[in-house]
Engineer: 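Dumping the structure here so I can ask a few things about it.
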Amino acid sequence: MDSPLKPSKLPSQENSRGIHDWAQLAISEGQSFLENQSGFSKITEIIKSVMGDQYDDKLRPNTISQLTLNHMGKIGLDLASSLTDIKPFFQFKTNNARFEPQATMGQKLAGAWWSNRLIDLKFCDVIKYSLAAGSGYAHLTYNEDTQDLDLLAEDPRDVLPIRPNDMFSVQNCFGVCIRRERTVNYLKHMYPQFANRIKADREGSYAAMARQNTYQQKMAGLGLVSGFMANLYAGMGGKPGAAPLTVPVSDVFTIYVKDDSVNETGSDQIMGDASRNWSYIVKPGEPLYPRKRCIVMTRSCPEPLYDGPNIYWHGQFPIPKLTLDPWPWSWLGKSP
């Protein structure tokens, strides 16, 4: 069967649902691949150790001081500091003397961007994720508020590789998915045309998460965690909630994929928002997505919130993977 990413003669709504279903399968596939990586199950444990949350001794009397000497936190801070105490490590060069002024200007702009936009601190966050998980991701995005490039340190547990060809680079994958938790109101504001179809996945308030964590910790401590009930709730789509959601949130997935579809309509096609400088015209027989394709979706909405070209001119997946200690059999590498 042809991939739903290819041009289809089906009605647009039916084709959009096919793309949504394909994306759901790709997300599940990427999640399964990531969870089977060595060290993935220890990421949360390492983060808790770095933060000093290590009160696992149920027999420790409350009268004894709970203060601990957090060596893990000190080691993590020292490593992160030594790896990020650097100036901009990239340089603009040209072999054509006529473009030397442009190269000099590009270098000055890059240096100003590195310091004025606090990119050095955000890069340090990428390193800290690498220390805990083995790999960190520097998501380079365009910030509409500052009208400039920005860097987001993504949690490696929320970056799902889609059909990787090797363990080295995200660029060698068929695609990559970035998962983020957003409030339902935020998504309805960003995508008003889908407001009536965006539903909550769960409650995201601080109180709700605290109650859930406390309950799970108590049940686990008493040995009352039931695998049968966990599987039952998973089959039902989650635990039934009696109270209405106070802060409803939903996972939004941004998927970048390689798509070699060509324009088979026989006429020129405008790709993207014609008012933006990243839009372009595709003539018959030319690739529709020469810079890759981007799909934004949620689980609840049966159609993608956005489905169009990648807006970045470089045409790469804008989320490079930084692995401090890579090994050829591991996607995440080995955590220091």
Engineer: Could you tell me whether the side chain of T104 and the main chain of E100 form a donor-acceptor pair under 3.5 Å?
Structural biologist: yes

Engineer: Just by distance, do the side chain of S130 and the backbone of G136 share a donor-acceptor pair under 3.5 Å?
Structural biologist: yes

Engineer: Can you find a side-chain donor-acceptor pair between T94 and N96 that sits under 3.5 Å?
Structural biologist: no

Engineer: List in chain and number order the residues that pass side chain to side chain contact (heavy atoms under 4.5 Å, CB included) with R179, two or more places apart in sequence or in another chain; answer none if no residue qualifies.
Structural biologist: Q31, D158, L160, D251, F253

Engineer: Could you give me the CA-CA distance, side-chain angles and deciding distance for K258 and F317, then say whether side-chain contact (heavy atoms from CB on, under 4.5 Å) is met?
Structural biologist: CA-CA 9 Å; K258 299 175 181 177; F317 296 134; 3.9 Å; yes

Engineer: Do I319 and W313 sit in the same hydrophobic cluster, where Ile, Leu, Val, Met, Phe, Trp and Tyr count as joined when their side-chain heavy atoms come under 4.5 Å apart?
Structural biologist: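 Same cluster.
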
Engineer: Between the main-chain N or O of G111 and the side-chain N or O of S115, is there a donor-acceptor pair closer than 3.5 Å?
Structural biologist: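 Side chain of S115 to backbone of G111: a pair is present.
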
Engineer: If hydrophobic clusters are built by linking Ile, Leu, Val, Met, Phe, Trp and Tyr wherever their side-chain heavy atoms come under 4.5 Å apart, do I27 and L34 end up in the same one?
Structural biologist: yes

Engineer: Is the backbone of L324 close enough, under 3.5 Å, to the side chain of K334 for a donor and an acceptor to pair up by distance?
Structural biologist: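 Absent.
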
Engineer: Linking I/L/V/M/F/W/Y whenever their side-chain heavy atoms sit closer than 4.5 Å, directly or via other members, would W331 and F174 fall into one cluster?
Structural biologist: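 Linked within one cluster.
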
Engineer: Side-chain contact, heavy-atom cut-off 4.5 Å: P318 with T141?
Structural biologist: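 No, their side chains stay 4.5 Å or more apart.
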
Engineer: Between H139 and Y137, does the ring centre distance come in under 6.0 Å?
Structural biologist: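 Here the rings of Y137 and H139 have centres that are no less than 6.0 Å from each other.
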
Engineer: Under 4.0 Å between a side-chain nitrogen and a carboxylate oxygen: does that hold for D78 and K74?
Structural biologist: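 Yes, charged N to carboxylate O under 4.0 Å.
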
Engineer: Please answer whether the main-chain N or O of E286 pairs with a side-chain N or O of N263 as donor and acceptor at a distance below 3.5 Å.
Structural biologist: no

Engineer: Indicate whether the side chain of N185 and that of T183 have a donor and an acceptor atom separated by less than 3.5 Å.
Structural biologist: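 Not at all, the side chains of N185 and T183 share no donor-acceptor pair under 3.5 Å.
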
Engineer: Can you find a heavy atom in the side chain of S38 that is under 4.5 Å from one in the side chain of W327?
Structural biologist: no

Engineer: For H20 and M297, indicate whether the former's side chain and the latter's backbone hold a donor-acceptor pair under 3.5 Å.
Structural biologist: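 Judged by distance alone, no pair lies under 3.5 Å.
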
Engineer: Do D273 and S275 pass the side-chain hydrogen bond (donor to acceptor under 3.5 Å, both in side chains) test, and can you show the C-alpha distance, the side-chain angles, and the key distance before you say yes or no?
Structural biologist: CA-CA 5 Å; D273 187 349; S275 64; 2.9 Å; yes

Engineer: Are T44 and R157 linked by a side-chain donor-acceptor pair shorter than 3.5 Å?
Structural biologist: yes

Engineer: Would you say the side chain of Y312 lies within less than 4.5 Å of the side chain of K292, judging by non-hydrogen atoms?
Structural biologist: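 Not touching, per the 4.5 Å side-chain cut-off.
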
Engineer: Ignoring hydrogens and geometry, is there a side-chain-to-backbone donor-acceptor pair from Q269 to V282 under 3.5 Å?
Structural biologist: no

